[in-house]
*Asks:* 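Before I ask anything, here is the structure I am working with.
A, B, ... follow the sequence lines: proteins, then strands. Residue 1 opens every chain.
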Amino acid sequence: MLDINLIRQKTEYVANALRKRGIETDFSDLLYIDKQRREKILQGDKLKAFRNKVSSEIPRLKKSGQDVSAKLTEMKNTSEQIKRVDEELNKLTSKLNKILVELPNIPADDVPPGGKENNRVLRTYGDKPVFEFKPHNHVELVTKLGLVDYTRGVKMGGNGFWLYKGKGAQLEWALINYFIEEHTKDGYEFVLPPHLLINKCGYTAGQFPKFSDDVFHIEGEDGESTHFLLPTSETALINFHSNEVLKEDKLPKKYFAYTPCYRREAGSYRAAERGMIRGHQFNKVEMFQFTTPETSETALEELVGKAERLVKGLGLHHQVSALAAGDCSASMSKTLDIEVWIPSMNEYKEVSSASNALDYQARRGNIKFKRRKTGKNEFIHSLNASGLATSRLFPAILEQFQQKNGSVVVPEPLRKYMGTDVIEPVEN
RNA sequence: GGAGAGAUGGCUGAGUGGUCGAAAGCGGUGGUCUUGAAAACCAUUGAGGGGCAACCCUCCCUGGGUUCGAAUCCCAGUCUCUCCGCCA
């Protein structure tokens, strides 16, 4: 949520910033409602001040034996007026919020304008592997190696689901273990949150109301959505401290969570993404930080650095990109992606997205900290970064580390969890 | 699933129609004392909003209602806790 005061005071600045996302906003309606609303507040406050004044006089007058019936009638009238004004005020407030809630975050100054095509590659690690044989794609590899079963996955979950088995399940779990170990070493606190969240959580994260259709909803007896399956544990973690006032010296708060992520991905099927590039469920470890406003920028660098170290540790060729404004999700002011090379697709695919939401989510979730110096409560800044999502790493590992004989070399950090250095083909 | 209890400031906890935004304690902050610290003592200490300001308004789980006036009374809902039953 954007600050209405900012929109009121720097209307052009906000409009220009949102233009970078490719959004044309006309704030005249919003500002008009805002003005009306403040007038209503003033009107109501005056009436209430009057009511309070007279109400406190009444018991005194009664005690001294005076007749107060005229005042009582007058106050009844005043109270009715107040009720009417409050009703109008409520209408204006919800009108205002309805608009405000749908506005996306303002892109940071150093975020390039435009859409995907303006994403900038900041740096690249390693080189594209060169094969002296005809390399297989990951769908062929997982089948030959018996790691992932698409047919049986679909028997259970339907289209868009797969299952891991044998060494595949172990490899998947090894990745998660590797991440957990690294984050724990870095002092992040491990959280296993609920996977079903109440709708308020989606609102705080910025997922709702606009992108409510992207997630799986759970309906109650009346057919209304009561919960939803989290599309990323960010949605859970941002709510960890909702409606709390944190102590400044306890910041930054650093967490990480492991959960599967559930997404509808309606209409996003692409033949090029068959395999495990895009499914309704995938595993992800997510890092999260609550920081003071002045430290969120360096926190973002820390998160990107951490995610990058994990990919480097696996020895995968990858790049880091700065997303253009239009490619950043609505809640985020700045996003850096880490993309890993998938040889068969001839493409880099996202394995981590690190973002700074500034106070956008904090406003929605009412998350503050007490500034020691001033004693005032301020909104915290929230940041999140995948660390990492497995569903693209798995194919990348198989494809980048495949051998001529069809086996795959296990990245060093995973070997202790796998109990093997190489995954060999199996009889199916 | 059945029965009961409860929800008040950072925390504990008083308050059952009118100087209650709210006692008291703890905690926090500042100070006195001390070589320093502790203890003790003194002072101070909720949040949000409107207004240039003086100042005013709102908030005692949420939403309605009664009343001139509600933390306090009534209705609905949410959540928490305890006990019983059932189940992983």
*Asks:* Is it true that atom NZ of A:Lys155 has more than 12 heavy atoms of other residues, nucleotides or ligands lying nearer than 6.0 Å?
*Replies:*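 No - once you tally the heavy atoms of other residues, nucleotides and ligands closer than 6.0 Å, there are 12 at most.
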*Asks:* In whole Å, what is the span from the CZ atom of A:Arg37 to the C1' atom of B:U58?
*Replies:*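 In whole Å, B:U58 C1' and A:Arg37 CZ are 12 Å from each other.
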*Asks:* Using whole Å, report how far NZ of A:Lys46 lies from P of B:U58.
*Replies:*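 Value for this atom pair: 15 Å.
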*Asks:* Please round to the nearest 0.5 Å and tell me the distance separating atom CD of A:Gln400 and atom CD1 of A:Ile397.
*Replies:*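 These two atoms lie 9.0 Å from each other.
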*Asks:* Step through the shown structure and confirm whether more than 12 heavy atoms of other residues, nucleotides or ligands are within 6.0 Å of CD on A:Gln81.
*Replies:*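 More than 12 within 6.0 Å, yes.
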*Asks:* If the P atom of B:A24 is compared with that of B:U44, how far apart are they to the nearest Å?
*Replies:*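 Those two atoms are separated by 12 Å.
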*Asks:* Could you give the distance separating B:G13 and B:G69 at their C1' atoms, to the nearest angstrom?
*Replies:*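 Per the computed distance, 27 Å lies between those C1' atoms.
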*Asks:* Taking side chain to side chain donor-acceptor pair (under 3.5 Å) as the cut-off, I'd like each qualifying pair that reaches into residues 92-105 of chain A, sequence neighbours left out, listed once.
*Replies:*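 Matches after skipping sequence neighbours: A:Arg37-A:Thr93.
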*Asks:* Taking the P atom in each of B:G77 and B:G85, what is the distance between them to the nearest angstrom?
*Replies:*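 Straight-line distance between the two P atoms is 28 Å.
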*Asks:* Sorted by first residue and then second, give each side chain to side chain donor-acceptor pair (under 3.5 Å) pair with at least one member in residues 281-290 of chain A; sequence neighbours left out.
*Replies:*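 Of all non-adjacent pairs touching residues 281-290 of chain A, those that pass side chain to side chain donor-acceptor pair (under 3.5 Å) are A:Glu172-A:Asn283, A:Tyr188-A:Gln289, A:Thr232-A:Lys284, A:Tyr258-A:Asn283, A:Lys284-A:Glu286, A:Glu286-A:Asn384, A:Gln289-A:Glu302.
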*Asks:* Measure CG/A:Asp45 against P/B:G48 and give the value in whole Å, please.
*Replies:*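 In whole Å, B:G48 P and A:Asp45 CG are 17 Å from each other.
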*Asks:* Heavy-atom nearest nucleotide on RNA chain B for A:Ile41 versus A:Phe50: which residue maps closer to 5'?
*Replies:*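 It is A:Ile41 whose nearest nucleotide is closer to the 5' end.
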*Asks:* Classify every nucleotide of nucleotides 63-78 of chain B by which part a protein heavy atom approaches to under 4.0 Å, writing B for the base, S for the sugar-phosphate alone and - for neither, in 5'-to-3' order.
*Replies:* --S--BS---------
*Asks:* Determine the interatomic distance between P on B:C79 and the same-named atom on B:G27; round to the nearest Å.
*Replies:*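 The answer is 35 Å between these two P atoms.
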*Asks:* Taking atom types as modelled, is there a side-chain donor on A:His183 or A:Lys306 under 3.5 Å from an acceptor on the other?
*Replies:*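 Yes, because at least one side-chain N or O of A:His183 sits under 3.5 Å from a partner of the opposite role on A:Lys306.
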*Asks:* Just to verify, what does A:Ser407 make a side-chain hydrogen bond (donor to acceptor under 3.5 Å, both in side chains) with, not counting sequence neighbours?
*Replies:*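 Listed in chain order: A:Asn405.
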*Asks:* Map A:Ile4 and A:Val245 onto RNA chain B by nearest heavy atom, then report which one ends up closer to the 5' terminus.
*Replies:*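 The residue mapped nearer the 5' terminus is A:Val245.
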*Asks:* A:Leu300 and side-chain contact (heavy atoms from CB on, under 4.5 Å): which partner among A:Thr295, A:Asn356, A:Thr291?
*Replies:*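 Of all the options given, the one that passes is A:Asn356.
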*Asks:* Rounding to a whole Å, what distance do you find between A:Asn97:CG and B:G49:P?
*Replies:*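 Answer to the nearest Å: 13 Å.
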*Asks:* Return yes when atom CZ of A:Arg371 has more than 12 non-hydrogen atoms of other residues, nucleotides or ligands closer than 6.0 Å, and no otherwise.
*Replies:*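 Yes, because the 6.0 Å sphere around CZ of A:Arg371 holds more than 12 heavy atoms from other groups.
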*Asks:* Roughly, in whole Å, what's the span from NE2 in A:His241 to P in B:G10?
*Replies:*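 From A:His241 NE2 to B:G10 P: 16 Å.
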*Asks:* Heavy-atom contacts under 4.0 Å between residues 365-380 of chain A and RNA chain B, which residues?
*Replies:*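 A:Lys368, A:Lys370, A:Arg372, A:Gly375, A:Asn377, in order of number.
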*Asks:* What's the separation between atom OG1 in A:Thr292 and atom CZ in A:Phe369, rounded to the nearest 0.5 Å?
*Replies:*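 Output value for this atom pair is 5.5 Å.
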*Asks:* Would you measure the distance from the P atom in B:C42 across to the matching atom in B:U82 and give it in whole Å?
*Replies:*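 That atom pair is separated by 40 Å.
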*Asks:* With rounding to whole Å, what would you report as the distance between B:C83 and B:A71 at their P atoms?
*Replies:*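 To the nearest whole Å, 35 Å.
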*Asks:* To the nearest Å, how far apart are A:Gln43 CD and B:G51 C1'?
*Replies:*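 That distance rounds to 16 Å.
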*Asks:* Stems involving RNA chain B: give each as a range paired with a range, ordered by first number, where a stem means at least three consecutive Watson-Crick or G-U wobble pairs under 3.5 Å.
*Replies:*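 Stem list for RNA chain B: B:1-7 with B:78-84, B:10-12 with B:24-26, B:27-32 with B:40-45, B:46-50 with B:55-59, B:61-65 with B:73-77.
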*Asks:* In whole angstrom, give me the gap between the C1' atoms of B:G48 and B:C60.
*Replies:*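 Looking at atom C1' only, B:G48 and B:C60 are 15 Å apart.
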*Asks:* Would A:Gln402 and A:Glu140 count as having a side-chain donor-acceptor pair, cut-off 3.5 Å?
*Replies:*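 No, because no side-chain N or O of A:Gln402 sits under 3.5 Å from a partner of the opposite role on A:Glu140.
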*Asks:* May I have the distance from A:Gln9 (atom CD) to B:G51 (atom P), rounded to whole angstrom?
*Replies:*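 One finds 10 Å between P of B:G51 and CD of A:Gln9, rounded.
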*Asks:* Using 0.5 Å steps for rounding, measure from the CG atom of A:Asn119 to the OG atom of A:Ser321.
*Replies:*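 Answer rounded to 0.5 Å: 6.5 Å.
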*Asks:* When rounded to the nearest Å, what value does the distance between C1' atoms of B:U72 and B:A14 take?
*Replies:*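 Pairwise C1' distance, B:U72 against B:A14, rounds to 13 Å.
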*Asks:* If we count only N and O atoms by modelled type, under 3.5 Å, do the side chains of A:Ser382 and A:His241 hold a donor and an acceptor together?
*Replies:*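 Judged by distance alone, the side chains do not pair up.
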*Asks:* May I have the distance from A:Arg363 (atom CZ) to B:G49 (atom C1'), rounded to whole angstrom?
*Replies:*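 Those two atoms, CZ and C1', are 14 Å apart.
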